[in-house]
Novice: 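Next up is a structure, given as structure tokens.
The analysis underlying the following values was restricted to heavy atoms, covering all of them including side chains, and did not include hydrogens, waters or symmetry mates. These figures come from a predicted structure and were not determined experimentally.
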Amino acid sequence: MEWPVRSSLGFAMGLWGMLSLALPPVAALAGPSEGVLDRVNAIRREAQLITLARSDELDAVAMAHARDMARHGYLDHVDRSGRNPLERAQAAGLSGFHLLAENIGMSDAQNERVDAILRAWLDSPVHRANLMQPAFNTTGIGYATGRSGQTFIVQLFATY
């Protein structure tokens, strides 16, 4: 009777090990992007603006750009292929939106990286205007960690 228990336990541990290699940890999925969304929506509520709905499709475009910037060590709205946010969204097959904007940020602060990036966005007239644009109703957020430990965050804003 002991063999089936050990066999089941071994199978379960092996399966867990394979899944943990294939999937990013749950904390990495929720991490900074949830913090950004919560804080941005709180700021928008204070200004009596609608909260932004999350879009998986916009998340994917934002995540791809964040990962590219982190991997290659740059911070720019134009990617290494010369595509701007609109061109990246269109290349990913997104359509149906009327407005699209992007905020990007990078922080190497040891703690409160999301807060540092959000403060920088609020201090920048252009980034603040994107964040506070009344017409935006949807968002996508991506983040990645660079080789030196910097956090890169990309937030796309759209009106559908």
Side-chain angles (χ1 to χ4, degrees), residues 16 19-81 83-146 149-160:
W16 177 82
L19 287 175
S20 67
L21 291 174
L23 300 173
V26 173
L29 291 173
S33 64
E34 289 303 320
V36 169
L37 181 60
D38 291 344
R39 289 180 179 112
V40 165
N41 276 334
I43 292 165
R44 288 177 62 88
R45 274 191 302 274
E46 286 177 22
Q48 299 181 344
L49 299 170
I50 63 169
T51 57
L52 301 171
R54 192 83 182 256
S55 162
D56 291 339
E57 293 82 13
L58 287 173
D59 277 353
V61 174
M63 184 64 82
H65 190 50
R67 286 180 176 161
D68 188 59
M69 289 190 300
R71 184 177 301 118
H72 298 284
Y74 71 97
L75 184 69
D76 200 324
H77 292 285
V78 177
D79 69 13
R80 295 174 312 113
S81 300
R83 297 179 304 173
N84 64 37
L86 176 61
E87 292 166 328
R88 290 193 310 274
Q90 290 171 333
L94 275 67
S95 63
F97 54 86
H98 303 287
L99 295 173
L100 183 76
E102 177 183 73
N103 282 358
I104 60 173
M106 186 274 296
S107 176
D108 57 5
Q110 291 298 340
N111 297 314
E112 302 176 3
R113 293 172 187 222
V114 170
D115 289 337
I117 291 170
L118 283 173
R119 277 192 304 273
W121 287 352
L122 290 170
D123 289 343
S124 161
V126 173
H127 291 94
R128 183 181 190 84
N130 287 342
L131 198 145
M132 303 300 283
Q133 171 56 255
F136 290 139
N137 58 17
T138 309
T139 191
I141 303 166
Y143 74 95
T145 302
Q150 315 95 322
T151 298
F152 290 80
I153 296 179
V154 175
Q155 183 169 19
L156 290 170
F157 301 89
T159 303
Y160 282 91

Novice: Could you walk me through whether Ile104 and Met69 pass the side-chain contact (heavy atoms from CB on, under 4.5 Å) test, one step at a time?
Specialist: CA-CA 10 Å; Ile104 60 173; Met69 289 190 300; 4.1 Å; yes
Novice: Please report the interatomic distance OG1(Thr145) to CZ(Arg71), rounded to the nearest 0.5 Å.
Specialist: 12.0 Å
Novice: Output a table of donor-acceptor pairs, distance under 3.5 Å, between side-chain atoms of residues 42-53 and any protein atom two or more places apart or on a different chain; print 'none' if there are none.
Specialist:
from, atom 1, to, atom 2, distance (Å)
Arg44, NE, Ile50, O, 2.8
Arg44, NH1, Leu131, O, 2.8
Arg44, NH1, Gln133, O, 3.1
Arg44, NH2, Ile50, O, 3.1
Arg44, NH2, Gln133, O, 3.4
Arg44, NH2, Phe136, O, 3.0

Novice: If you look only at pairs with a residue in residues 116-129, which of them pass as a salt bridge (Lys or Arg N to Asp or Glu O under 4.0 Å), with sequence neighbours excluded?
Specialist: none
Novice: Please report, to 0.1 Å, the donor-acceptor pairs under 3.5 Å made by any side chain of residues 152-160, with sequence neighbours excluded.
Specialist:
from, atom 1, to, atom 2, distance (Å)
Gln155, NE2, Thr139, OG1, 2.9
Thr159, OG1, Ala135, O, 2.8

Novice: What residues, two or more places apart in sequence or in another chain, satisfy side chain to side chain donor-acceptor pair (under 3.5 Å) together with Asn41?
Specialist: none
Novice: So His72 and Arg80, do their side chains get closer than 4.5 Å, heavy atoms only?
Specialist: yes
Novice: For residues 86-96, run the donor-acceptor check on the side chains, cut-off 3.5 Å, and write out each pair with its distance to 0.1 Å, sequence neighbours left out.
Specialist:
from, atom 1, to, atom 2, distance (Å)
Glu87, OE1, Asn84, N, 2.9
Arg88, NH1, His77, O, 2.7
Arg88, NH1, Arg83, O, 3.1
Arg88, NH2, Glu102, OE1, 3.2
Arg88, NH2, Glu102, OE2, 2.3

Novice: How close do Ala62 and Gly142 get, heavy atom to heavy atom, and via which atoms?
Specialist: CB-N, 3.4 Å
Novice: Which residues satisfy the side-chain contact (heavy atoms from CB on, under 4.5 Å) test with Asp59, sequence neighbours excluded?
Specialist: Arg54, Asp56, Ile141
Novice: Start with the C-alpha gap between Asp68 and Tyr74, add the side-chain angles, then the distance that decides, and say whether side-chain hydrogen bond (donor to acceptor under 3.5 Å, both in side chains) holds.
Specialist: CA-CA 8 Å; Asp68 188 59; Tyr74 71 97; 2.4 Å; yes
Novice: Please answer whether the main-chain N or O of His127 pairs with a side-chain N or O of Asn103 as donor and acceptor at a distance below 3.5 Å.
Specialist: yes
Novice: Within the structure provided, determine whether Leu58 and Leu100 are in side-chain contact (heavy-atom separation under 4.5 Å).
Specialist: yes
Novice: What are the two closest non-hydrogen atoms of Thr138 and Ser55, and how far apart are they?
Specialist: CG2-CB, 3.5 Å
Novice: One pair to check against salt bridge (charged side-chain N to carboxylate O under 4.0 Å, His left out): Asp108 and Arg113. What are the steps and the verdict?
Specialist: CA-CA 7 Å; Asp108 57 5; Arg113 293 172 187 222; over 6 Å; no
